[in-house]
There are 2 protein chains.
Amino acid sequence: MSRFSPAQVVERTGFSLDTLRYYERIGLLDGIARTPGGQRVFSDDDIAWLGILRCLRDTGMPIAQMQRYADLCRDDTTMAERLALLEEHDREVQRRIDELQAQRVHLAGKMDYYRSLDTRSATA
Amino acid sequence: MSRFSPAQVVERTGFSLDTLRYYERIGLLDGIARTPGGQRVFSDDDIAWLGILRCLRDTGMPIAQMQRYADLCRDDTTMAERLALLEEHDREVQRRIDELQAQRVHLAGKMDYYRSLDTRSATA
DNA sequence: CAACAGCCTGGAGTGCGCTCCAGGTCAAGG
DNA sequence: CCTTGACCTGGAGCGCACTCCAGGCTGTTG
């Protein structure tokens, strides 16, 4: 059970210190320990939770939904709801991937067009 | 060479009227025809260009980069630069897809965990 | 030719997710 | 001890990409 200073957490999670404070303020982080003087001390569990937040954030989950998930995680009778939330989010991510891939096809067409012009001028 | 009213363009492109006006204001749209009274009239070419903007926007290109691309498209000696811009963007999109797919693996692990708990309670 | 939906402009406002700031406190090294 | 860099709080500010608004003109329809 290691303990981490704010600076160490910044380094490990990639979140800025301001973002960590912001997340605590809005309830995404909760029960973060403090030194007698009031400075934050993060545990392994906190780091792990931040990893989950990063995964959700990086897959485009809005803050409001992360708050909903965080709330569910404070009540241990909500496993089914947490699963449902993650499943819905996962479908959302898959839709996003599909859309990006579909649009890449259009990009490829456009690029081919420019390459065909390039070839002409290069061989002229 | 059809001509479209703003409302028709909204329907065909999915951009809101305000967004179309905004895009014109910031130079993403340019040379849009007007009636004698000053109302916009869109051509097939305009619709096609809006399709390109939608593709770029939906793949996450920032407005500033779309402006750069729009500028390049006003100068017909910039094919190589346009291609380079699109290629860089395409790599960006591919990176985004890769990241989403990597994070989906984590999501899947988390969901499996919740499902394993669910099974226990369902069979109890 | 009157009505009325649609469109115009410039500019202000919105929502999201941070990010920065002022003014102070804390804690580890010398 | 004393310094000094890390950290604290509450609150304001920012960048992005729109979105909305007031007040007024347009143009098709009956």
Side-chain angles (χ1 to χ4, degrees), chain A residues 2-43 46-47 49-50 52-70 89 92 96 99 103, chain B residues 2-43 46-47 49-50 52-70 89 92 96 99 103:
Chain A
S2 318
R3 329 229 99 226
F4 303 96
S5 71
Q8 287 174 317
V9 175
V10 166
E11 204 195 339
R12 267 156 215 261
T13 65
F15 288 119
S16 76
L17 188 47
D18 270 317
T19 297
L20 293 173
R21 292 198 272 242
Y22 169 66
Y23 281 2
E24 190 180 39
R25 241 190 290 191
I26 65 173
L28 281 183
L29 241 45
D30 139 306
I32 302 297
R34 298 296 181 121
T35 62
Q39 307 205 180
R40 291 176 185 79
V41 182
F42 294 79
S43 69
D46 296 331
I47 301 278
W49 173 243
L50 284 166
I52 294 167
L53 291 183
R54 170 158 289 288
C55 171
L56 297 179
R57 191 194 80 161
D58 287 356
T59 48
M61 184 182 284
I63 293 268
Q65 206 177 338
M66 291 199 274
Q67 286 172 318
R68 169 97 184 112
Y69 183 67
H89 178 60
E92 199 57 57
R96 181 81 185 117
E99 194 197 354
Q103 297 286 23
Chain B
S2 318
R3 329 229 99 224
F4 303 96
S5 71
Q8 286 173 318
V9 175
V10 166
E11 203 195 339
R12 266 156 215 261
T13 66
F15 287 119
S16 75
L17 188 47
D18 270 318
T19 298
L20 292 173
R21 293 197 271 240
Y22 169 65
Y23 281 2
E24 190 179 40
R25 243 189 291 190
I26 66 173
L28 282 183
L29 241 45
D30 141 304
I32 302 297
R34 299 295 180 120
T35 62
Q39 307 204 181
R40 290 175 184 82
V41 180
F42 294 79
S43 70
D46 296 330
I47 301 279
W49 172 244
L50 284 166
I52 293 167
L53 291 184
R54 170 157 289 289
C55 172
L56 297 179
R57 190 195 80 161
D58 288 356
T59 48
M61 183 182 285
I63 293 268
Q65 207 177 336
M66 291 198 275
Q67 287 172 318
R68 169 98 184 110
Y69 183 65
H89 179 59
E92 198 58 55
R96 182 80 185 118
E99 195 197 355
Q103 297 287 22

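Order of the sequence lines fixes the chain letters, A, B, ..., with proteins taken first and strands second; residue numbering starts at 1 for each chain. The analysis underlying the following values was restricted to heavy atoms, covering all of them including side chains, and did not include hydrogens, waters or symmetry mates.
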Want to know the stems of DNA chain D: at least 3 consecutive Watson-Crick or G-U pairs with distances under 3.5 Å, which are they?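 In DNA chain D, stems of three or more pairs: C:1-30 with D:1-30.
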
Whole-Å gap separating [atom2] ([N]) and [atom1] ([X]):
{"X": "B:Q8", "N": "C:dG6", "atom1": "CD", "atom2": "P", "answer": "12 Å"}
{"X": "B:Y22", "N": "C:dC8", "atom1": "OH", "atom2": "P", "answer": "18 Å"}
{"X": "B:I32", "N": "C:dC8", "atom1": "CD1", "atom2": "P", "answer": "11 Å"}
{"X": "A:R34", "N": "C:dA27", "atom1": "CZ", "atom2": "P", "answer": "12 Å"}
{"X": "B:I26", "N": "C:dT9", "atom1": "CD1", "atom2": "C1'", "answer": "17 Å"}
{"X": "A:Q65", "N": "C:dG15", "atom1": "CD", "atom2": "P", "answer": "19 Å"}

Minimal non-hydrogen separation, A:L28 against A:Q67, with atom names: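 Residues A:L28 and A:Q67, closest heavy atoms: CD2-N, 3.5 Å.
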
I need the [X] [atom1] to [Y] [atom2] distance, nearest 0.5 Å.
{"X": "B:L29", "Y": "B:I32", "atom1": "CG", "atom2": "CD1", "value": "4.0 Å"}
{"X": "B:Y22", "Y": "B:L17", "atom1": "OH", "atom2": "CG", "value": "15.5 Å"}
{"X": "A:E92", "Y": "A:Q65", "atom1": "CD", "atom2": "CD", "value": "8.0 Å"}
{"X": "A:R12", "Y": "A:S2", "atom1": "CZ", "atom2": "OG", "value": "7.0 Å"}

With sugar-phosphate meaning primed atoms plus P, OP1 and OP2, does [X] contact a base, only sugar-phosphate, or nothing at under 4.0 Å between heavy atoms?
{"X": "A:R25", "result": "base"}
{"X": "B:F15", "result": "nothing"}
{"X": "A:R21", "result": "base"}

First encountered from the 5' end of DNA chain C, between A:D18 and B:S5: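 The residue mapped nearer the 5' terminus is B:S5.
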
Sub-3.5 Å donor-acceptor pair from the side chain of B:R54 to the main-chain atoms of B:T13, do we have one?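 Yes; at least one donor-acceptor contact below 3.5 Å.
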
What are the bounds, 5' to 3', of the part of DNA chain D that sits under 4.0 Å from heavy atoms of chain B?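 Footprint of chain B along DNA chain D, 5' to 3': D:dA17 to D:dG27.
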
Does A:E24 come within less than 4.0 Å of A:R21, counting only side-chain N to carboxylate O?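 Here A:E24 does not pair with A:R21 in a salt bridge, since their nearest N and O are not under 4.0 Å apart.
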
Parallel, tilted or perpendicular: which describes the rings of B:F15 and B:Y23, with under 30° parallel and over 60° perpendicular?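 Rings of B:F15 and B:Y23: perpendicular, as their planes differ by over 60°.
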
CA sep, side-chain torsions, deciding dist, call: B:V9, B:D46, side-chain contact (heavy atoms from CB on, under 4.5 Å): CA-CA 9 Å; B:V9 175; B:D46 296 330; over 6 Å; no

Assign each of B:G60 and A:A7 to its nearest nucleotide of DNA chain D by heavy atoms, then name whichever residue's nucleotide is nearer the 5' end.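 The residue whose closest nucleotide sits nearer the 5' end is A:A7.
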
Return the 5'-most residue of the pair B:G38, A:R40 with respect to DNA chain D, ranking by each residue's nearest nucleotide.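 Taking each residue's closest nucleotide, the earlier one in sequence belongs to A:R40.
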
Between C:dC18, C:dC26, C:dC7, which one does the side chain of B:Q39 approach most closely?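 The listed nucleotide nearest to B:Q39's side chain is C:dC7.
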
